[in-house]
Amino acid sequence: MPGRILVVDDVATNRLILKAKLAAAYYDVLEADCGQSAFDRARKEQPDVILLDIMMPDMDGYTVCEMLKACPETSHIPVVMVTASGAPKERIKGLSVGADDYLVKPINDMALFARVRNLLRVKMMFDELKLRDSTSRELGLTDFLETIEEGAGKSETVMLAPAADSQGDVWKDAISKMPNVDVIGSCSEREALNMARFEMPDAIIVQQSIMQEGDSLRLISALRARPETRQAVIIYVVADGAIETAAKALDLGASDYLMEPFEPEEMIIRLRTQLRRKRYSDQLRSNVRDGLKMAVIDPLTGLYNRRYATQHMQKIVERAQESGKDFAVMMMDLDKFKRINDTEGHDAGDMVLKEFSRRIQENVRGVDLVARMGGEEFLVVMPDAGAMTAKHVSERLRRAVECNPFVTADGVELNITVSIGVSIGTEKDDDPGKLVKCADLALYEAKANGRNLVSFHEAA
Ligand SMILES: [Mg+2]
């Protein structure tokens, strides 16, 4: 997994050491020797991870981190603080300005690489989701989507899997103080997997149990593999100095780890960062899902679009071949629609299209396919419907348009009519395109004969 890493340190030797280590592992390394140049390079060159020294002459690492997190061009880039002091207070300060982790000099290689791999994985996932989301947006598919404000939705749930109940109680006390977060239960490692499947928590905190080290790592990889917890935050709590186990946990899919002893505040900050990240990725994921849905839906009317209709008609044809039952294909076109747009404006035109869609849906069955084929042209396909049913339904649709005027937002009443062309498919038909063409020919005939008419295509 290649990646570009920006190493920030005012001491050239420190940069050289880190650069040698990272380059040996095939990472691309960029360097900066002060806070300002770190910020500039990050904006211009968009590294995947930033390793940030704290003590620097121009400005300290905390300030640089705050600047990076406040700038939209760099706020998504993960930051790891690198410092000589491992005091809990320093650590909490670094995490609370938005750093993703904190490494103490001299840097342990295993801790460094496991963390870099973890952050690169997260960043790649985000980059991919953002790319798909932006594609959907560029296609105009998700314009209406709202973003969820922090804390606006339901509360988030955190499940605890401590090594001992007393430990769980201490964590629970701390986490319960977070707004909109519920601790849903404290349980043993063994019960954790079952409980997680039922409760589907947003976050799970797993403690490395001294007696069964292997089990807690297996638990992490099992949680990552299960669909119910695949997207959950997993924080691993390891014993003092157990850096190898922590590194393994990150590689198995843990989101973050905490090394004992730690202040409850550190747990809360790390949990909050991870939950925020999860909310964002959930949002992106649902945008992408909705974007896919919108690829087959006409945004104005909410009906299926031509792409979907063409695809789905093939299935209706195949089903008719199996059942031996006829099906009806109706093409509809609002009469002189262009005139409405020209004289009443496009808003009125849109209202007519929406209201027409509503009236169609009101007059057909749930199993019938209704689609907007483009402009003021609509398609209805009725499975298991012969000429008699088609005649009945198409006449009803024609009257549903003619008999009640369409009312604009300004209260103007518009008298509108529709022309309908119908073709009937049989078990012998295997080309949906041909049936649509036949319905289209019948539609032309209805138009030619004076509009506001239903016309049937006479099979040769
Ligand atoms: Mg320094």
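We count ligands from 1, going down the list as the structure has it; atoms in each ligand are counted the same way. Computed over heavy atoms, backbone and side chain alike; hydrogens, waters and symmetry mates excluded. All figures in this text were calculated on a predicted structure; none of them were measured in a lab.
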So which protein N/O/S atoms does the Mg ion (ligand 1) have within less than 2.8 Å?
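Hits for the Mg ion (ligand 1) below 2.8 Å: D10 OD1, D53 OD2, M55 O.
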Minimum side-chain heavy-atom gap L252-Y236 below 4.5 Å
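The answer is no; the side chains never approach within 4.5 Å.
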Tell me whether the NZ or CZ atom of R270 lies within the 45° cone about the ring axis of F262 and under 6.0 Å from its centre.
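Verdict for F262: no cation-pi partner in R270.
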Can you pull out every side-chain hydrogen bond (donor to acceptor under 3.5 Å, both in side chains) where at least one residue sits in residues 303-319? Sequence neighbours excluded, please.
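Residue pairs with at least one partner in residues 303-319: there are none.
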Under 6.0 Å from the CZ atom of R339, do we count more than 12 heavy atoms belonging to anything else shown?
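No, CZ of R339 has 12 or fewer neighbouring heavy atoms, counting only those of other groups under 6.0 Å.
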Quick note, salt bridge (charged side-chain N to carboxylate O under 4.0 Å, His left out) partners involving residues 18-37, not counting sequence neighbours, are R15-E31, K19-E31, K21-D109
Sequence neighbours left out, what pairs pass salt bridge (charged side-chain N to carboxylate O under 4.0 Å, His left out) with at least one residue falling in residues 50-64?
D53-K105
